[in-house]
Engineer: 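I am attaching a structure below and will ask some questions about it afterwards.
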Amino acid sequence: MSKNSHEIQCPRCGKVRKSRHGACEHCGYDGYVPMSDEQIKKIKLILYPIAIVLAIIAIFVVPLLFTKA
């Protein structure tokens, strides 16, 4: 892992890259570069509340659509 959590290391040469996208500036590696722990935390921070809202809708609202008045 790099010293700074925002730095992305190249899986081939291990040097710090500017971006996950495109080829490594040092060795030319253009394959998959995993997300950092910080990026994963940001995604979870966004997706978990959305999943909770959708679950609430599925539990409480959807059954109301199928009940006869």
Engineer: Applying a strict under-4.5 Å side-chain criterion to I, L, V, M, F, W and Y, I'd like to know whether I52 and I59 cluster together.
Structural biologist: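 Yes, I52 connects to I59 through the hydrophobic network.
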Engineer: Testing the basics here: between G28 and A23, what is the closest heavy-atom pair and its distance to 0.1 Å?
Structural biologist: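 It is O-CB, 3.7 Å.
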Engineer: Would you compute the distance between atom CG of L45 and atom CD1 of I50 and round it to the nearest 0.5 angstrom?
Structural biologist: 10.0 Å
Engineer: Using 0.5 Å steps for rounding, measure from the CG atom of D37 to the NZ atom of K42.
Structural biologist: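 D37 atom CG to K42 atom NZ measures 12.5 Å (nearest 0.5 Å).
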Engineer: Could you report the tightest heavy-atom contact between A58 and P63, atom names first, then the distance?
Structural biologist: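 That would be O-CD, 3.4 Å.
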Engineer: Quick check for you: to the nearest 0.5 Å, what is the distance between K41 atom NZ and E38 atom CD?
Structural biologist: 6.0 Å
Engineer: Is there a side-chain contact between Q9 and R17, using heavy atoms and a 4.5 Å cut-off?
Structural biologist: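 No - every pair of side-chain heavy atoms lies 4.5 Å or more apart.
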Engineer: In terms of hydrophobic clusters joined by side-chain contacts under 4.5 Å, are V61 and V53 together?
Structural biologist: yes
Engineer: Do any N or O atoms from the side chain of H26 and from the backbone of C10 form a donor-acceptor pair under 3.5 angstrom?
Structural biologist: no
Engineer: Is any side-chain heavy atom of Y29 closer than 4.5 Å to a side-chain heavy atom of K15?
Structural biologist: no
Engineer: Examine I56 and L64 and state if one hydrophobic cluster contains both, with Ile, Leu, Val, Met, Phe, Trp and Tyr joined whenever side-chain heavy atoms are less than 4.5 Å apart.
Structural biologist: no
Engineer: Indicate yes or no: at least one non-hydrogen side-chain atom of V33 is less than 4.5 angstrom from one of P11.
Structural biologist: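 They are in side-chain contact.
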Engineer: Does atom OH (Y48) have a neighbourhood of more than 12 heavy atoms from anything else shown, all under 6.0 Å?
Structural biologist: no
